*Asks:* 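Supplied in structure tokens, the structure appears directly below.
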Protein chains: 2
Amino acid sequence: MNEVKGSAGLPDTLVFRLGTLGAVVGDRFAGRIERLDLKPKHVGLLTALGQGSFASQQDLAGRLGVAPSLVVSLADHLESLGALRRVRDPQDRRRQVLTLTDRGHELLAACTAEATTLDGELTAHLDEPERRALHATLGSLATRAGLSTA
Amino acid sequence: MNEVKGSAGLPDTLVFRLGTLGAVVGDRFAGRIERLDLKPKHVGLLTALGQGSFASQQDLAGRLGVAPSLVVSLADHLESLGALRRVRDPQDRRRQVLTLTDRGHELLAACTAEATTLDGELTAHLDEPERRALHATLGSLATRAGLSTA
DNA sequence: TATTGTTATACTCTATAACTATA
DNA sequence: TATAGTTATAGAGTATAACAATA
């Protein structure tokens, strides 16, 4: 009498589920990479660098959807960890080319391992076809949402 | 030679996908409810109140996973919008019982409509069985992640 | 003395704007 | 004059800790 039953409630929407799950899972992931002295945004930068090379830090900022000044501080931290090197572009000495070091690749691998472990914990109750379907569908959602992961 | 192909890369993990999707979708949702003078955290509080009654603001804080002081400011704002009322519990006058007003239910419905619209945009490329499967799987993930939505 | 809600304060994150150097 | 990166500053969001009222 006092509850709307026919239409889906807010907690049943994809938007609500993705938002809350993303926040919780993100926090949990943050806890796991804390020992590496990294935060999710650093991992985002490492990942972007691991996927291809970018002409400039400003390109990176656009790709990550953050302000260029934030790329500076993220890169500062990663540089202090020995994870990346800044090299001036001889063609245009205003630009800095960021490249992952061996240590950077190690850190990226360690983060991937943590994420994979968490994945396993989250999907332990799913069978293999369900896992694959979820993976594929989230991939297509990401593309649709404008997250060019590839 | 320089890329690990066998194991899944970080962007292919559930953790990464959920984290980035959650952030993007959350931001987009925030943009849509801005005209209602609400932010996602307010919607979280409205939703919790819409689902059941809670003995105290501190219960609410625990449920939402935020500090009790934050519940105060969220409730202040919602009260100023006429969305909820604070009533002192006569049994224990230290406690305030928060209840949604008609306006609060209206706002909750408006947020649900926005979320549903966004859902449609995100899943327009999926067929109905895929949508249902995604919904069900995310629901089970939420439960597993400790988000008692029900 | 313990607990609820509130207020005061401080900290984290991130963006905007000013600045430096190169072009 | 315009652009890349950096630095300085400011704002939002949230937590911690002190406080007042009630138990």
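Chain identifiers are assigned alphabetically (A, B, ...) following the order of the sequence lines, protein sequences preceding nucleic acid strands; residue numbering begins at 1 within each chain. The shown structure was predicted, so the numbers you read here are calculated from the model rather than taken from an experiment.
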*Asks:* Provide the full list of salt bridge (Lys or Arg N to Asp or Glu O under 4.0 Å) pairs with a residue in residues 67-81 of chain B, sequence neighbours left out, each pair given once.
*Replies:* B:D76-B:R86, B:E79-B:R86

*Asks:* Is A:I33 reachable from A:L78 through a run of hydrophobic residues whose side-chain heavy atoms are each under 4.5 Å from the next?
*Replies:* yes

*Asks:* Given side chains that start at C-beta, do those of B:L108 and B:T47 come closer than 4.5 Å, heavy atoms only?
*Replies:* yes

*Asks:* Is A:D102 atom CG crowded by more than 12 heavy atoms from other residues, nucleotides or ligands, each under 6.0 Å away?
*Replies:* no

*Asks:* Is there a side-chain contact between A:H135 and B:D12 (heavy atoms, below 4.5 Å)?
*Replies:* yes

*Asks:* Rounded to whole angstroms, how far apart are NE2 on A:H77 and P on D:dT6?
*Replies:* 16 Å

*Asks:* Has B:Q58 got a side-chain N or O lying under 4.0 Å from the OP1 or OP2 atom of C:dT4?
*Replies:* yes

*Asks:* Which angle, rounded to 10°, do you find between the first-five-pair axis and the last-five-pair axis of the helix from C:dT1-D:dA23 to C:dA23-D:dT1?
*Replies:* 20°

*Asks:* What I'd like to find out is whether the side chain of B:L38 reaches to under 4.5 Å of the side chain of B:L46, using heavy atoms alone.
*Replies:* yes

*Asks:* Does the side chain of B:R95 get closer than 4.0 angstrom to OP1 or OP2 of C:dT6 through an N or O atom?
*Replies:* no

*Asks:* For residues 33-48 of chain B, which residue pairs pass the salt bridge (Lys or Arg N to Asp or Glu O under 4.0 Å) check, not counting sequence neighbours?
*Replies:* B:R35-B:E114

*Asks:* Indicate for each nucleotide in nucleotides 7-18 of chain C, in 5' to 3' sequence, whether protein heavy atoms under 4.0 Å reach the base (B), only the sugar-phosphate (S), or nothing (-).
*Replies:* B-----SSBB--

*Asks:* Looking only at non-hydrogen atoms, find the nearest pair between A:L81 and A:L36 and report the distance.
*Replies:* CD1-O, 4.1 Å

*Asks:* Do the non-hydrogen side-chain atoms of A:L18 and B:L18 ever get within less than 4.5 Å of each other?
*Replies:* yes

*Asks:* Could you work out, with side chain to side chain donor-acceptor pair (under 3.5 Å) as the rule, every residue matching B:R103, not counting sequence neighbours?
*Replies:* B:E106

*Asks:* Using whole Å, what does the distance between atom P of nucleotide D:dG5 and atom CG of A:L84 come to?
*Replies:* 13 Å

*Asks:* Please report the distance, rounded to the nearest Å, between CD in B:Q96 and P in C:dT3.
*Replies:* 19 Å

*Asks:* Whole-Å distance between C:dG5 C1' and B:L64 CG?
*Replies:* 16 Å

*Asks:* Can you hop from B:L64 to A:V24 via hydrophobic side chains spaced under 4.5 Å?
*Replies:* yes

*Asks:* Give each protein N/O atom lying under 3.5 Å from an N/O atom of nucleotides 19-23 of chain C, with the pair distance.
*Replies:*
unit_1: C:dA23; atom_1: OP1; unit_2: A:R93; atom_2: N; d: 2.7

*Asks:* Using whole Å, what does the distance between atom P of nucleotide D:dA12 and atom CG of B:D27 come to?
*Replies:* 16 Å

